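Everything numeric here is computed off the predicted structure, so don't read it as measured data.
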Amino acid sequence: MSRTAGTVGRVVLVRPWTDARAGGGCCAGPVPSRPHEHDASSDPVGAAYRALRGELPDLDVQVVDVANTAWLLPAVLRRARPRVGTLGAVRCALGATRAGSVLVDGLRVGDLETLAPDELVAVVRRAATA
């Protein structure tokens, strides 16, 4: 997706440590044999993803594990460099490796563990107009 005024090219949700299990959510471990209620607080990435996709359906949303620095660092450098220069992009890349980071086109705009899903959508919208 090309970036034009008021649009965001990519949002990256970096899994927080509380969600860094395979698959995330309450069913990341052994799955119960009977139906059960899902605890939304155990899946901040899923709640954020659903909110973003629901409110901004054309948005490119990526979910990455904090340990996946082989993908995360170059992706942030490529997205941030045109906006903040090389040194600024390096700073952004270092901040992007924090668990729970919310990145908009390479820039860290918040944290999944402190932003409610509706707040996250508002933060992403504000970053799109910046």
Side-chain angles (χ1 to χ4, degrees):
M1 170 187 296
S2 63
R3 183 173 169 80
T4 58
T7 64
V8 173
R10 176 182 288 158
V11 173
V12 176
L13 307 175
V14 181
R15 290 188 182 279
W17 288 119
T18 58
D19 192 42
R21 305 166 292 193
C26 65
C27 294
V31 178
S33 59
R34 59 181 171 31
H36 63 283
E37 294 294 319
H38 293 269
D39 179 9
S41 67
S42 70
D43 188 15
V45 174
Y49 184 87
R50 287 187 297 276
L52 288 169
R53 299 299 295 159
E55 293 291 322
L56 305 165
D58 295 331
L59 192 64
D60 178 11
V61 181
Q62 304 290 320
V63 178
V64 66
D65 188 87
V66 69
N68 192 356
T69 56
W71 180 87
L72 188 57
L73 293 177
V76 170
L77 287 169
R78 275 192 303 273
R79 289 287 181 166
R81 187 178 297 138
R83 296 176 75 189
V84 295
T86 301
L87 185 57
V90 170
R91 287 187 189 118
C92 289
L94 294 174
T97 59
R98 281 190 262 171
S101 290
V102 176
L103 311 172
V104 175
D105 283 332
L107 305 179
R108 187 175 192 279
V109 297
D111 187 278
L112 286 170
E113 294 181 311
T114 60
L115 290 172
D118 56 332
E119 294 172 317
L120 175 68
V121 171
V123 166
V124 170
R125 279 194 172 125
R126 274 195 305 273
T129 60

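Every side chain to side chain contact (heavy atoms under 4.5 Å, CB included) that V12 has, sequence neighbours left out, goes to R10, V14, Q62, V64, W71, L72, L103. When the salt bridge (charged side-chain N to carboxylate O under 4.0 Å, His left out) test is applied to R108, the partners found at least two apart in sequence or on another chain are D111. Annotation: side chain to side chain contact (heavy atoms under 4.5 Å, CB included) contacts of A116 (sequence neighbours excluded): D118, E119.
Shown here for L120 and A48, the closest heavy-atom pair between the two residues is CD2-CB, 3.2 Å. Between G106 and V76, the shortest heavy-atom distance links the atoms O-CG1, 3.4 Å. Minimum heavy-atom separation, Y49 to L13: N-CD1, 4.0 Å.
Linking Ile, Leu, Val, Met, Phe, Trp and Tyr whenever their side-chain heavy atoms come within less than 4.5 Å puts V109 and V63 in one cluster. Taken together through direct or relayed side-chain contacts under 4.5 Å among Ile, Leu, Val, Met, Phe, Trp and Tyr, V102 and L73 form parts of separate hydrophobic clusters.
L52 is listed as a side-chain neighbour of V124, based on a closest heavy-atom distance under 4.5 Å. Side-chain contact between V45 and P16 is present, with heavy atoms from C-beta onward closer than 4.5 Å.
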Side-chain donor-acceptor pairs of residues 89-98 under 3.5 Å, sequence neighbours excluded:
{"unit_1": "T97", "atom_1": "OG1", "unit_2": "L94", "atom_2": "O", "d": "2.8"}

### Full working for side chain to side chain contact (heavy atoms under 4.5 Å, CB included) between V66 and R15
CA-CA 6 Å; V66 69; R15 290 188 182 279; 5.9 Å; no

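The line from OG1 of T86 to CZ of R81 is 5.0 Å long, rounded to the nearest 0.5 Å. To the nearest 0.5 Å, atoms CZ (R53) and CG (D58) are separated by 7.5 Å.
L107 belongs to a hydrophobic cluster whose remaining members, ordered by chain and number, are V84; membership requires side-chain heavy atoms of ILVMFWY residues under 4.5 Å apart, directly or through intermediates.
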